[in-house]
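Reviewing the structure listed below.
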2 protein chains.
Amino acid sequence: MKYLEDYEIGSRASFGRYEVTREEVLEFASKYDPQPFHLSDEAAAQTYFGRISASGWHTCAMTMRMLVDNIEKEKSAGLGSPGLDELRWLKPVYPGDTLRVEAEIIDVRPSRSKPDMGSTHNRLTVFNQHDEPVMTMLSIGLVRRRPAA
Amino acid sequence: MKYLEDYEIGSRASFGRYEVTREEVLEFASKYDPQPFHLSDEAAAQTYFGRISASGWHTCAMTMRMLVDNIEKEKSAGLGSPGLDELRWLKPVYPGDTLRVEAEIIDVRPSRSKPDMGSTHNRLTVFNQHDEPVMTMLSIGLVRRRPAA
C-alpha cells in the first residue's frame with residue numbers, strides 16, 4: 001500500500017492511454033453538455049473548434065479514469081479529493097485523439113486536524129498524441145498516513 | 001441574444017433541478033471513476049462517504065447540464081470556457097439527491113486580444129435538496145460582444 005509518507009515532492013509519473021471515440025464524445029455531450037458545437041460538425045465549423053470536440057468535462061472524466069487506473073496499479077491509500085485549482089482547457093480534444101497524463105507532486109502535507117491522513121498536491125497535464133498539452137490542473141488528493149507499526 | 005454587454009457584476013441567478021439516480025451514479029462511476037467507494041455500499045461504508053456517492057466529476061457533469069440548459073434558456077452568446085478555479089467538493093452527493101445551482105457574476109472583462117469577445121467570471125454553488133452546498137467553483141465563460149449596430 002502506498003501511504004502519504006511514500007509521496008515525494010518533485011516526483012513525476014507518466015501514465016494512461018485513452019482513445020477518444022466519436023461515439024463516446026457524442027454520448028457524453030448529449031447527456032451533460034449539449035451545446036451545439038459538441039454535437040454537430042456543422043455547428044462546430046462556425047466556432048473556434050472547427051469540428052466536433054469533446055466537452056471539457058468529458059476530458060476531465062477521461063482523465064479521472066486514467067488516474068483511477070493508476071491509483072489501483074500503485075495501490076495508493078487514496079481517500080478521495082476535496083477539489084482542484086487552476087483547471088485550464090488549452091486545446092480541443094477531438095474524436096480520434098489519444099490522451100495520456102503526466103503528473104508531478106508539488107506538495108505533500110499531513111492534515112492538521114486528522115492525524116491519520118494528509119494531502120498531496122499534484123500538477124496534472126493531459127497530452128494528446130501530438131504531445132500537445134490539452135488540459136492542466138492542480139489537483140488535491142487525500143491519502144492515508146502509514147499506520148504506526 | 002445575450003452578449004457580454006448584458007452581463008452585470010453582482011447579478012445572481014438560481015436555476016436547475018437535477019435528480020440524481022443510483023443507476024446514473026453507478027454508470028458514470030463504472031466508466032470514469034471506478035473507485036470502490038463509488039461502486040459498492042460495502043466499500044463506501046468503510047469511508048467518510050458512508051454509502052455510495054456520486055463521483056465528484058459526475059457532480060461537475062450534472063452541473064454542466066444545468067448550466068447548458070440555462071445558457072439555452074437565456075440565449076447566451078457563449079463560446080465555451082477556458083477553465084475554472086477553486087473547485088471544491090464540500091459534501092457527498094448521494095443517489096436520491098436533487099441538485100440546483102446558484103450563480104453570481106463576479107467579473108466581466110472584454111478580451112484584450114480579441115475585439116469580438118470577452119469573459120465572465122462566475123461563482124457557482126451547487127446545493128442539494130437540504131440547501132446544503134455540495135460543490136463550489138469559480139468558472140470562466142467566453143461570450144461574444146454585441147456586434148456594432
Side-chain angles (χ1 to χ4, degrees), chain A residues 18 24 27-39 44 46-49 53-72 76-92 114 116-117 134-142 144, chain B residues 18 24 27-39 44 46-49 53-72 76-92 114 116-117 134-142 144:
Chain A
Y18 202 109
E24 192 183 322
E27 190 190 343
F28 189 100
S30 62
K31 264 190 196 155
Y32 297 119
D33 191 353
Q35 298 184 86
F37 49 80
H38 288 313
L39 289 173
Q46 295 168 33
T47 69
Y48 156 75
F49 300 113
S53 63
S55 167
W57 295 109
H58 188 195
T59 303
C60 291
M62 294 186 283
T63 300
M64 188 63 194
R65 178 58 191 249
M66 291 188 277
L67 289 169
V68 172
D69 288 347
N70 191 57
I71 287 169
E72 284 196 1
S76 164
L79 294 166
S81 167
L84 56 98
D85 291 297
E86 295 178 33
L87 187 154
R88 292 295 178 272
W89 292 297
L90 303 173
K91 274 185 173 284
K114 293 177 186 159
D116 60 341
M117 61 193 280
V134 296
M135 183 172 78
T136 54
M137 72 176 87
L138 302 177
S139 80
I140 312 169
L142 301 178
R144 230 175 246 127
Chain B
Y18 201 110
E24 192 183 321
E27 189 190 342
F28 188 100
S30 63
K31 262 190 197 156
Y32 297 118
D33 191 352
Q35 298 183 87
F37 49 79
H38 288 314
L39 289 173
Q46 295 169 32
T47 70
Y48 156 74
F49 300 113
S53 63
S55 167
W57 295 109
H58 188 195
T59 304
C60 291
M62 294 187 282
T63 300
M64 188 63 194
R65 178 57 191 250
M66 291 188 277
L67 288 170
V68 172
D69 288 347
N70 191 56
I71 288 170
E72 282 195 1
S76 164
L79 294 165
S81 167
L84 57 96
D85 291 297
E86 294 178 33
L87 188 155
R88 292 294 178 275
W89 292 297
L90 304 172
K91 273 184 173 286
K114 293 178 186 160
D116 60 341
M117 61 193 281
V134 296
M135 183 173 78
T136 54
M137 72 176 88
L138 302 177
S139 80
I140 312 169
L142 302 177
R144 230 173 247 130

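A, B, ... follow the sequence lines: proteins, then strands. Residue 1 opens every chain.
Neither the backbone nor the side chain of Thr63(A) comes within less than 4.5 Å of any heavy atom of chain B. Contact of Tyr48(A) with chain B is not made at all, since no heavy-atom distance falls under 4.5 Å. With a threshold of 4.5 angstrom between heavy atoms, Thr59(B) does not approach chain A through any atom at all. Only the side chain of Met137(A) comes within less than 4.5 Å of a heavy atom of chain B; its backbone N, CA, C and O stay farther away. Using a 4.5 Å cut-off between heavy atoms, Ser139(A) does not touch chain B at all. The contact between Ile140(A) and chain B is made entirely by side chain atoms (from C-beta outward), counting heavy-atom distances below 4.5 Å.
Chain A forms more heavy-atom pairs under 4.5 Å with one residue of Cys60(B), Ser55(B), Gly78(B) than with any other, namely Cys60(B). Among Ala61(B), Gly80(B), Ser81(B), the residue with the largest count of heavy-atom pairs under 4.5 Å with chain A is Ala61(B).
A side-chain donor-acceptor contact under 3.5 Å links His38(B) to the backbone of Ser53(B).
The distance from atom OH of Tyr32(B) to atom CZ of Arg65(A), rounded to the nearest 0.5 Å, is 10.0 Å. Taking OG1 from Thr47(B) and CG from Leu79(A), the interatomic distance works out to 8.0 Å, rounded to the nearest 0.5 Å. For the atom pair CH2 of Trp89(A) and CE of Met135(A), the computed distance is 8.0 Å after rounding to the nearest 0.5 Å.
For the salt bridge (charged side-chain N to carboxylate O under 4.0 Å, His left out) test, residues two or more places apart in sequence or in another chain that qualify with Arg88(B) are Asp85(A). By the salt bridge (charged side-chain N to carboxylate O under 4.0 Å, His left out) test, Asp116(A) is found to be paired with no residue, residues two or more places apart in sequence or in another chain being considered.
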